[in-house]
K.L.:
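Dumping the structure here so I can ask a few things about it.
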Amino acid sequence: MMETKAPVSSAVHYDSKEVELRLLAFWDKERVYKFDPEQKGEIYSIDTPPPTVSGRMHIGHAFSYAQQDIIARYKRLRGFNVFYPWGTDDNGLPTERLVEKLKNVKGSKMDRQAFIALCEQTRKELLPDFIADWKRIGVSCDFSMSYSTIDANCRRISQWSLIDLNKKGRFYRKNAPALWCPLCETGISQMECQDAEKPSTFNDIVFKVDGMELIIATTRPELLPACVAIFAHPNDDRYKKLIGKKAVVPLFNHEVQIYADGRVDPSKGSGIVMCCTFGDQTDMQWYLAFNLPLKEAIAKNGKLTALAGKYQGLSVHDARKAMLADLKSAGLLRHQKPIQHPVKVHERCQTEIEIIQSKQWFIKYLDLKEKMIEWGSELRWHPDFMVHRYNNWVNGLQWDWLVSRQRFFGVPMPVWYCKKCDEAVLADEKNLPVDPLIDQPPIKKCKCGSTEFVPEKDILDTWVTSSMTPKLAAELLPAKYRSKVFPMSLRPQAHEIISFWLFNTLFKSEIHFNSVPWRDVALSGYVTDPQGEKMSKSKGNIVAPETVLAKYSADALRYWAGGSKLGEDIAYQEKELVAGDRFVKKLWNVAKFIAPQIESFDSKGKVSEVLDFWILSRLAQTISAAAEAFDHYEYSKARMVIDQFFWRDFCDNYVELVKNRAYEGSAAEKLSCQVALLACLSAVVRLMAPFTPFICEEVYQLYLKSREGVKSVHLSGWPVAPKVDESAEKVGEVVLAVLAAVRKKKSEAKVSMKVPLKRLVIECSVDISAALDDLKATVNAERVEIGKASEEVVPGVKVTAEF
RNA sequence: GGACCCGUAGUUUAGUGGCUAUAACGCAUCCCUUACACGGAUGAGGUCGGCAGUUCGAAUCUGCCCGGGUCCACCA
């Protein structure tokens, strides 16, 4: 660290910018957060969420990473050997989309290798700036231990995961209907779907049955060419007589059978429905249950196929318009009713999803629902009700996990196919990672005798890699230490990705390692704007962390983040940042008062005065209450009790009460409060270090380091609680009540607090004589006596104060 | 439609059966007291969403209702 300035000559005002940047450099240089597996202390390992390299850190990141860092710093102070590695998520669709945007290219129109190279290059360009944002808010990861989800080791582990799943009979390839994003042109999984409320229209369209009109309502007329059947409810009297007959599809004139099935809702639309391959999941169920033919009207790029005849090549949207126009002019469109309905969209691009048949790789897990619920119950959830979200998701699972992606930049599928019989050949474990486009398959000859293989071009869903983060983190260490950090102690993450990241990681860990991946899960909420609206670019209510940091300190930002409970969303409120900065200044100022008091005194000195015993007793309670809260991940509660002690007991009252003694007292009287002042300051900087690491470090460096000899407050250990002294506490309570009463008198008289009192009489059952000197000086009374008094200020305490 | 969370001063919030319901911001009045005016002291402000019940006693427990939110499902 740069030479610290002498305490006395330090700036009157605290310059957070200067201090924070200086301390960041100091922590870096001194490797304060370096993880050493050989160091003593029980390991506490954190499965850090690897953020996606996409532009910059947003306020939600700042919020949740600050929260997890508060936990990490607390554990470090408690003497745990904290394994807190860093990672970035930079493979697959998010990175591709970012690169396409930044470099103005289209992955599908470029040479594959060139596009991958461009992605790699862009990632490297962005990374240093990207990480700097996290460092700036004081994230105490060991950044020398980081993975990138596209690096060779991560590719190896992802591919190994599939090979292991394959061994366990959970990896399969199937030509089946699957969720498909026509914009990204890839199959996707259920977890990547989102619901979007979109306007649509119920169109009453005329089919013909035996020459008679049959009106069917549909929102998707463009699927008419893919219509393969018609369904009505078996008990629906309106349509009973039609069951078993054939209907003619308008515009396309092919015949389809009319069936009865209980899945039809008679009250919806016309109560009779056309089944197309595929309009929705019910269509898919009917397709399977009734063995219906497959008619593909929509191609993988979202355009209509040759099956659509003259509509071929139109987009879904355009085809819908064109067909409706044609139906109308043919008199086959009877009625249109506008509706709002939810549509599945791809969460990355908001494109409406289609169900399209294709050959894809899946991970089989639908058979494991019961097990999954059991695994979920083995975790300690914070807050505990979040387990419901998990259970709800598991119970609602309907698809196996589709993991192949028809994209370019990501972890390659470690698979080749026999050119002749299409048998899949998986890579050999010992050759990983592989790229089938470059590397050769592990066998020379297929079972069928063919020696020619074609590489799989698809890549893996990013979640295949992300779901391995505990393993990715552990493998940053030499092999002999890996079992020490797994299962990990904590997974901190946002609650909205329980169904993605948490679920997948838990599943994989149980299947691969037969173990939970972590013991504790801490779910953070997200940041809303001051009105409680979710922040989003489209609403224009985004608050950028750099804007906040331009105005407030990183300590203030963390103080704000530390004020919310786990799992609770928080509104961005400037006043919380103001409060954070106020705390920083207060600590700075009180430290400046204490500094000369503790500059030199016998460190073996003892406390002898009752009020000093009182504050130490309060400190002791604060330390244990804070620890209790922290141990349950209730850091906001910890912050509250520390704040209350520091502000009310210590600054507003104790310091005022002992000031006179500190300046004017006898050597023994001075020594007593010096010992207490030092103990309090030394404890407060440790207690608050998880929240406001910068100011606490600065105060520690300036005033405490030379006494204590540890290089950083963050390595200095949790404060040791002094003895609780109940009789001193009783005295303290009375003294505080009297002090408040006198202050009130003076306020009512509208005079300065230093205006002298002629006489102060106190009546109470507690013997407070030992505190009278301090009290007398603080209220500036000429005489203080114990005796009959007139005014009850709190139960059992009466006071008479005369000017 | 299913599940879950939340509703306490103007705002944010503490408080899971018991003293007169917390605190911060804001507001009002006063005070330049040698750590801090980037501060301090004092004060005003709440029928704890509503109704009913359990209980000696309910912000707290139960039921119903109202309001806000999230996740999941619904996509004809």
Side-chain angles (χ1 to χ4, degrees), chain A residues 12-14 190 193-198 200 202-203 216-220 223 227 230-231 263-265 268-276 279-283 286 339 341-344 352-353 355 383 385-398 495-499 525-526 528 530 532-534 563-565 567-571 573-576 578-579 581-582 584-597 636-637 640-641 643-644 647-648 651-652 655-656 659-660 663 739-740 742-755 778 780 794-795:
Chain A
V12 177
H13 295 313
Y14 178 76
Q190 189 181 347
C193 300
Q194 256 177 8
D195 290 344
E197 195 61 35
K198 299 236 166 148
S200 185
F202 251 132
N203 304 289
I216 298 181
T218 178
T219 58
R220 301 207 59 184
L223 284 174
C227 179
I230 288 169
F231 286 92
R263 277 167 277 212
V264 179
D265 176 359
K268 196 162 181 175
S270 49
I272 184 160
V273 50
M274 66 174 195
C275 168
C276 309
D280 64 18
Q281 269 186 72
T282 323
D283 286 353
W286 282 323
I339 54 161
H341 72 164
V343 181
K344 258 197 199 352
E352 290 187 29
I353 279 163
I355 296 175
F385 63 79
M386 285 293 178
V387 72
H388 295 302
R389 295 269 183 96
Y390 171 85
N391 291 342
N392 202 12
W393 165 258
V394 169
N395 290 328
L397 277 176
Q398 298 185 48
H495 63 67
E496 65 255 46
I497 52 173
I498 287 174
S499 52
Y526 55 77
T528 67
E533 299 262 337
K534 200 164 179 174
S564 99
K565 288 200 231 178
E568 230 162 66
D569 300 337
I570 193 172
Q573 298 218 98
E574 201 144 350
K575 66 181 192 185
E576 274 293 301
V578 172
D581 267 343
R582 270 183 73 230
V584 168
K585 284 167 196 155
K586 193 74 175 175
L587 180 55
W588 175 248
N589 283 319
V590 81
K592 274 196 308 181
F593 163 72
I594 297 171
Q597 303 297 327
S636 63
K637 200 170 182 179
M640 206 174 61
V641 298
D643 249 350
Q644 235 159 45
W647 219 276
R648 205 164 42 186
C651 292
D652 292 347
V655 168
E656 291 303 322
K659 217 179 246 175
N660 183 67
Y663 289 131
L739 184 56
V742 174
R743 282 169 169 170
K744 187 172 172 178
K745 278 262 179 225
K746 290 186 176 177
S747 268
E748 278 165 1
K750 299 193 175 186
V751 297
S752 162
M753 290 299 142
K754 68 174 186 188
V755 164
T778 308
N780 197 18
V794 291

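The model shown is predicted, which means the values in this text are computed figures rather than measured ones. Every chain is numbered from 1 and lettered A, B, ... according to where its sequence line falls, protein lines coming before strand lines.
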K.L.:
Describe the nucleic acid contact of Lys746(A) in one word from base, sugar-phosphate, nothing, applying a heavy-atom distance below 4.0 Å.
P.N.:
nothing
K.L.:
Base, sugar-phosphate, or nothing for Phe202(A), non-hydrogen atoms under 4.0 angstrom?
P.N.:
sugar-phosphate
K.L.:
Give a yes or no on whether a salt bridge exists between Glu656(A) and Lys659(A), defined as a side-chain N under 4.0 angstrom from a carboxylate O.
P.N.:
yes
K.L.:
With a 4.0 Å cut-off on heavy atoms, is Gln398(A) in touch with a base, just the backbone sugar-phosphate, or nothing at all?
P.N.:
sugar-phosphate
K.L.:
Gln194(A) near the nucleic acid: base, sugar-phosphate alone, or nothing, with a heavy-atom cut-off under 4.0 Å?
P.N.:
nothing
K.L.:
Take atom CD of Gln190(A) and atom P of rC72(B), then tell me their distance rounded to the nearest Å.
P.N.:
9 Å
K.L.:
Given that Thr219(A) and Trp393(A) both sit by RNA chain B, which one's nearest nucleotide is further toward the 5' end?
P.N.:
Trp393(A)
K.L.:
Across all strands shown, which nucleotide pairs with rC64(B) by Watson-Crick or G-U wobble geometry, both distances under 3.5 Å?
P.N.:
rG50(B)
K.L.:
What are the two closest heavy atoms between Ser747(A) and Met753(A), and how far apart are they?
P.N.:
OG-CE, 3.8 Å
K.L.:
Please report, rounded to the nearest Å, how far the P atom of rC75(B) is from the CG atom of Asn203(A).
P.N.:
17 Å
K.L.:
Now, which nucleotide makes the Watson-Crick or G-U wobble pair with rC32(B), with each of the two distances under 3.5 Å?
P.N.:
none
K.L.:
Restricting both atoms to N or O, compile the protein contacts to nucleotides 16-19 of chain B shorter than 3.5 Å, with distance only.
P.N.:
none

K.L.:
For Arg220(A), report the nucleic acid contact type (base, sugar-phosphate, nothing); a contact means any heavy atom under 4.0 Å.
P.N.:
nothing
K.L.:
Please work out if Cys275(A) contacts a base, only the sugar-phosphate, or nothing of the nucleic acid, heavy-atom cut-off 4.0 Å.
P.N.:
nothing
K.L.:
When the P atoms of rA3(B) and rC65(B) are compared, how many Å lie between them, rounded to an integer?
P.N.:
13 Å
K.L.:
Side chain of Asp569(A) only, heavy atoms from C-beta on: which candidate in rG69(B), rA41(B), rC31(B) is closest?
P.N.:
rG69(B)
K.L.:
Report the residues that fulfil ring pair (Phe, Tyr, Trp, His ring centres under 6.0 Å) with Phe385(A), sequence neighbours left out, ordered by chain and then residue number.
P.N.:
none
K.L.:
Does a distance-only test, which skips hydrogens and angles, find a donor-acceptor pair under 3.5 Å between the side chain of Asp195(A) and the base of rC72(B)?
P.N.:
no
K.L.:
Both distances below 3.5 Å, Watson-Crick or wobble geometry, any strand: find the nucleotide opposite rC74(B).
P.N.:
none
K.L.:
How close or far is atom P of rA73(B) from atom CG of Asn391(A), stated in whole angstroms?
P.N.:
15 Å
K.L.:
Base, sugar-phosphate alone, or nothing: which one does Trp647(A) contact when heavy atoms must sit under 4.0 Å apart?
P.N.:
sugar-phosphate
K.L.:
Report the nucleotide, chosen from rC75(B), rU22(B), rG69(B), that has the shortest atom-to-atom distance to any side-chain atom of Gln644(A).
P.N.:
rU22(B)
K.L.:
So does Lys565(A) get a side-chain nitrogen or oxygen closer than 4.0 Å to the phosphate oxygens (OP1/OP2) of rC5(B)?
P.N.:
no
K.L.:
What contact category does Ala217(A) fall into here, base, sugar-phosphate, or nothing, at under 4.0 angstrom with non-hydrogen atoms?
P.N.:
sugar-phosphate
K.L.:
Calculate the interatomic distance between Met386(A) atom CE and rC71(B) atom P; express it in whole Å.
P.N.:
11 Å
K.L.:
Between rU70(B), rC75(B), rC36(B), which nucleotide has the shortest distance from any of its atoms to the side chain of Tyr526(A)?
P.N.:
rU70(B)
K.L.:
Does the structure show a Watson-Crick or G-U wobble partner for rU16(B), both distances under 3.5 Å? Name it, or say none.
P.N.:
none
K.L.:
Classify Lys745(A) by what it touches in the nucleic acid, base, sugar-phosphate, or nothing, heavy-atom distance under 4.0 Å.
P.N.:
nothing
K.L.:
Considering only atom P, compute the distance from rU8(B) to rG1(B) and round it to an integer number of Å.
P.N.:
26 Å
K.L.:
May I have the distance from Asp581(A) (atom CG) to rA24(B) (atom C1'), rounded to whole angstrom?
P.N.:
15 Å
K.L.:
If rC4(B) has a Watson-Crick or G-U wobble mate with both distances under 3.5 Å, name it; if not, just say none.
P.N.:
rG69(B)
K.L.:
When you get a sec, tell me which of rC75(B), rU42(B), rU12(B) is the closest nucleotide to the side chain of Lys575(A)?
P.N.:
rU12(B)
K.L.:
Nearest-Å distance, CD1 (Ile355(A)) to C1' (rA76(B))?
P.N.:
12 Å
K.L.:
Would you check if the side chain of Lys586(A) reaches a backbone N or O of Trp647(A) as a donor-acceptor pair within less than 3.5 Å?
P.N.:
no
K.L.:
Specify the separation, in whole Å, of atom CG of Asn392(A) and atom P of rG2(B).
P.N.:
12 Å
K.L.:
Would you compute the distance between atom CG of Asp283(A) and atom CE of Met274(A) and round it to the nearest 0.5 angstrom?
P.N.:
8.5 Å
K.L.:
Grab the two heavy atoms, one from Cys193(A) and one from Ile353(A), that are nearest each other, plus how far apart they are.
P.N.:
SG-CD1, 3.6 Å
K.L.:
Please tell me if Arg263(A) has a side-chain N or O lying less than 4.0 Å from either OP1 or OP2 of rC75(B).
P.N.:
no
K.L.:
With side-chain contact (heavy atoms from CB on, under 4.5 Å) as the test, would you mind laying out the steps for His341(A) and Val343(A) before giving the verdict?
P.N.:
CA-CA 6 Å; His341(A) 72 164; Val343(A) 181; 3.6 Å; yes
K.L.:
So what does Asp652(A) hit on the nucleic acid, given a heavy-atom distance under 4.0 Å: a base, only sugar-phosphate, or nothing?
P.N.:
sugar-phosphate
K.L.:
So which heavy atom on Ile355(A) is nearest to which on Asp280(A), and how close?
P.N.:
CD1-C, 3.5 Å
K.L.:
Provide, to the nearest angstrom, the distance between the NZ atom belonging to Lys344(A) and the C1' atom belonging to rA73(B).
P.N.:
8 Å
K.L.:
On RNA chain B, compare the nucleotides closest to Arg582(A) and Ala591(A); which residue's is nearer the 5' end?
P.N.:
Arg582(A)
K.L.:
Heavy atoms only, 4.0 Å cut-off, all strands: where does Lys754(A) land among base, sugar-phosphate and nothing?
P.N.:
sugar-phosphate
K.L.:
Can you check whether any acceptor in the base of rC36(B) is under 3.5 Å from a donor in the side chain of Lys585(A), or vice versa?
P.N.:
no
K.L.:
Considering only rC75(B), rC72(B), rU42(B), which nucleotide approaches the side chain of Ser499(A) most closely?
P.N.:
rC72(B)
K.L.:
Which base sits across from rG26(B) as a Watson-Crick or G-U pair, both distances under 3.5 Å?
P.N.:
none
K.L.:
So which nucleotide from rG69(B), rC74(B), rU42(B) ends up closest to the side chain of Lys744(A)?
P.N.:
rU42(B)
K.L.:
Does Val578(A) reach a base, just sugar-phosphate, or nothing at all? Heavy atoms under 4.0 Å.
P.N.:
nothing
K.L.:
Which is it for Trp286(A) and Arg263(A) under the side-chain contact (heavy atoms from CB on, under 4.5 Å) test, yes or no, and what are the steps along the way?
P.N.:
CA-CA 9 Å; Trp286(A) 282 323; Arg263(A) 277 167 277 212; 3.6 Å; yes
K.L.:
Taking all heavy atoms of Gln190(A) and all of Gly396(A), pick out the closest pair and write down the distance.
P.N.:
NE2-O, 3.6 Å
K.L.:
Think Thr282(A) has a side-chain N or O under 4.0 angstrom from the OP1 or OP2 of rC75(B)?
P.N.:
yes
K.L.:
For Tyr390(A), answer base if it contacts any base atom (sugar-phosphate contacts may also be present), sugar-phosphate if it contacts only those atoms, and nothing otherwise; contact means non-hydrogen atoms under 4.0 Å.
P.N.:
nothing
K.L.:
Between rC75(B), rC74(B), rC36(B), which one does the side chain of Asn589(A) approach most closely?
P.N.:
rC36(B)
K.L.:
Please check: side-chain N/O of Asp569(A) versus main-chain N/O of Gly525(A), any donor-acceptor pairing under 3.5 Å?
P.N.:
no
K.L.:
Considering only side-chain heavy atoms of His341(A), which listed nucleotide, rC75(B), rA14(B), rC38(B), is closest?
P.N.:
rC75(B)
K.L.:
Considering every strand and a 4.0 Å limit on heavy-atom distances, what is the contact class for Lys750(A): base, sugar-phosphate, or nothing?
P.N.:
sugar-phosphate
K.L.:
State which of rC25(B), rA76(B), rC36(B) makes the closest approach to the side chain of Glu656(A).
P.N.:
rC36(B)
K.L.:
Specify whether Tyr14(A) and Trp588(A) have parallel, tilted or perpendicular ring planes, treating 30° as the upper limit for parallel and 60° as the lower limit for perpendicular.
P.N.:
tilted
